[in-house]
Amino acid sequence: MTTTATTTLTTTLTDRTVGTWDGRITLRVRVGGEGPPLVYLHPSAGLAWDPFLDKLARHYTIYAPEFPGTTPGDPYAIHQLDDLWDTVLVYEQALRGLGLSGVPVIGQSFGGMLAAELAAAYPDLFCQVVLLDPVGLWRDDNPVANWISAPPAELPAMLFADPESDAAQAMLALPEDPDAQADALAQMVWNLGATGKLCWPIPDRGLHKRLHRITAPTLVVWGEDDALISPVYAQEFATRIADSRVELIPKSGHIPQVEQMEATYSTVSAFLG
Amino acid sequence: MKVTYFQQVPYRELPDDFEKRYESVVTTPYALTEPSKVHSAFTSALDEMMHAARAGFDAVAVTEHAQSAYDMAPNPNVLEAALAYATEAEGIATGIYPLGRSLGKSREPLRAAEELAMLDAISGGRLIAGFPVGLAYDANVNNGVPPAETRLRFDENLELVLKAWREPHPFPWNGRFHQHPAVNIWPRPLQPNPPVFITGIGNPRTMEFCLQRGFGFNYFGWFGAKVAGRRIFDRFWEAANRLGKDDNPYQMGFMQTICVADTDAKAEKLFARHAEYFFQKGIGSIPMERLSLPGGIDIKGLQFIFRDPGDFGIYPRMREASFAELVDAGSVICGSPATVRDQLDRIAREFRIGNLHAMLQFGSMPHELAKDNISLFAEQVLPHLRPIWDDEGWQHHWWPEALGGVPAGTTTEAVSA
């Protein structure tokens with residue numbers, strides 16, 4: 001049993017904003033921690049600062065950009081992005097604008113796909129790549145579950161090996177205040193729609209053709225019980241990325257850094273060195 | 001008031017336990033069907049459409065739903081084409097009203113423009129064009145359009161269709177979703193400005209769009225006119241008032257499920273089980289996540305819906321709803337001609353509805369009973385509804401000139417909100 005539900009987060013976050021896309025998008029980047037820079041790319045529901053990031057922030061200064069449209073108060077930024085190519089350009093421009101180049105990146109799920117796309121498009125952008133249950137590939141014999149259209153009641157079992165665990169419950173918890181809850185649900189649904197622009201109806205925009213371009217050492221981490229995207233995809237990534245290896249995390253579903261925080265942290269920090 | 005006959009093509013003999021085992025869209029096993037019953041579903045629907053046309057309805061309206069057991073009509077224009085020719089051959093002056101082609105779904109909007117132009121040409125200018133934005137399951141799941149693009153596609157597609165109809169010379173179209181070097185469709189509609197109605201489910205933005213641009217607005221009352229209708233219609237007319245637009249009732253269309261027999265008791269006896277079939281196995285068996293997908297609803301709409309889901313009316317309970325509950329919600333109006341007349345008269349006047357779409361065949365209702373329903377409605381209800389707005393003296397700007405309308409045309413330039 002994990003105890004992350006009661007863990008107090010200690011990182012002080014500051015917000016940086018970066019004007020990109022010829023001024024049409026202002027990307028908000030949440031920054032926290034101490035140490036060399038590291039980029040974190042969040043999953044499709046939006047950025048959540050979790051105990052994994054909090055622990056990582058003891059050794060790194062984490063830069064976590066928010067996907068356009070997912071920043072509260074700026075929902076329509078998503079309308080400035082038509083497709084993956086736009087997105088890759090916006091992120092590359094923003095990261096370089098922050099002086100981030102040749103740094104490690106960690107991407108989870110949707111963020112993993114983005115990290116892989118960026119690393120393939122600009123092999124010098126990242127010195128190390130960590131992909132946590134990334135989407136972006138497709139196998140007809142193991143279709144990726146459609147998390148965007150899933151009924152809310154089915155999501156916990158799609159995301160967690162043990163939806164009843166404290167860590168899962170903490171992540172799924174909603175504010176008790178009805179107004180805050182309505183706004184939180186609206187933001188989450190909107191975020192899924194915004195990121196869904198690059199994932200609907202099938203989260204495959206041709207990444208399989210580009211993965212070979214990644215030159216950075218790459219760690220592919222997968223929850224052994226991932227019901228959203230099967231661990232068979234770990235090898236699909238690894239075979240296409242030259243300097244890569246796979247680590248499976250037991251007793252974890254789609255979000256290992258939440259469901260098995262310690263094991264995932266050990267694996268990732270050992271790789272980062 | 002214009003009264004149209006509203007037709008779908010339901011599979012009429014789904015198993016009794018259908019709603020407990022299946023959804024009515026997308027994944028419904030086709031093995032539940034028999035070829036002969038699919039055939040009869042279509043011949044019955046077309047016969048009922050013609051029966052209604054002969055009985056004097058002002059138009060015959062058909063909706064579009066793909067991968068759906070409750071309405072096997074992925075393209076309403078195919079059915080309307082048959083009707084357009086048959087009514088032309090018999091000399092019946094009724095409107096040809098696809099309700100119609102979803103432009104948020106369409107990846108080939110020029111094809112929709114061409115098909116509709118063909119319908120206008122076949123019917124001698126009797127086309128009324130409905131353009132729904134598109135249901136999530138159909139536009140996004142069936143047709144793969146990202147939900148966040150549905151509305152943007154609708155906006156572009158509508159402008160392309162209207163321009164393709166009107167522009168006298170070939171023009172290039174360099175859109176976000178479509179590029180055509182030379183748009184010059186043959187045929188173009190006979191009508192200079194075919195009437196256009198947009199179907200909405202309550203989104204204020206769609207209502208304001210219709211008012212700004214001069215389109216008609218259609219609302220379907222399956223979620224229950226009594227529980228959801230007041231909110232929807234008030235929202236529309238408040239928007240009209242706010243924008244300084246006329247409250248011309250002919251701009252408003254409303255679809256209502258109706259059954260009528262000699263007495264209230266007989267109507268319930270004849271139709272109750274067919275109404276339960278339709279709402280439980282049809283609309284009620286469309287799961288919420290098929291109607292609403294992330295990205296398809298604006299964040300302001302989401303904030304509103306999560307506080308107040310009232311626009312959905314009885315829908316969340318529809319899969320188990322009894323006939324009595326459906327009547328209470330207003331999802332179905334059922335009774336003697338006097339009962340039905342009174343209720344429709346009251347709804348029309350209260351909500352300022354100038355176009356009623358009467359859904360008189362639904363669910364498992366067999367062909368002969370549907371024809372009886374159509375006949376009795378046409379004889380004893382419809383004549384009483386026609387004059388409802390006569391005393392206010394409005395012109396019907398959303399109706400073909402060939403059928404007595406006074407089309408005003410629509411604003412050609414997009415109006416920024």
### Task
Would you check if B:F306 and A:D179 make a side-chain contact, meaning some heavy-atom pair closer than 4.5 Å?
no
### Task
Pull out the residues in residues 279-290 of chain B that come under 4.5 Å of chain A, heavy atom to heavy atom, sorted by number.
B:E289
### Message
Under the rule for side-chain contact (heavy atoms from CB on, under 4.5 Å), what residues qualify as partners of A:A180, not counting sequence neighbours?
### Response
A:P175, A:D177
### Query
Is it the side chain or the backbone of A:P75 that comes within 4.5 Å of chain B heavy atoms, both, or neither?
side chain
## Note on the structure
Nearest heavy-atom contact between B:G144 and A:P201 is O-CD, 3.4 Å
### Task
Count the heavy atoms of every other residue, nucleotide or ligand shown that sit under 6.0 Å from CG of A:D22, and state whether that count exceeds 12.
no
#### Entry: Main-chain N/O of B:N140 paired with A:W200 side-chain donor or acceptor, under 3.5 Å
yes
### Task
Below 4.5 Å from any heavy atom of chain A, which atoms of B:I297 appear? Answer side chain, backbone, both or neither.
backbone
### Query
So which residues of residues 181-197 of chain A are in contact with chain B at a heavy-atom cut-off of under 4.5 Å?
A:A182, A:D183, A:L185, A:A186, A:Q187, A:V189, A:W190, A:L192, A:G193, A:K197
#### Entry: Considering all heavy atoms, the nearest B:L152-A:H79 contact
CD1-ND1, 4.4 Å
### Query
What distance separates B:I299 CD1 from A:Y76 OH, expressed to the nearest 0.5 Å?
7.0 Å
### Query
Could you name the residues of residues 134-150 of chain A that have a heavy atom within less than 4.5 Å of a heavy atom in chain B?
A:I148, A:S149
### Task
Check whether B:Q303 gets within reach of chain A through its side chain, its backbone, both or neither, counting any heavy atom under 4.5 Å.
both
### Part of B:V145 within contact of chain A (heavy atom distance under 4.5 Å)
backbone
### Task
Would you indicate whether A:R210, at its atom CZ, is surrounded by more than 12 heavy atoms from other residues, nucleotides or ligands within a distance under 6.0 Å?
yes
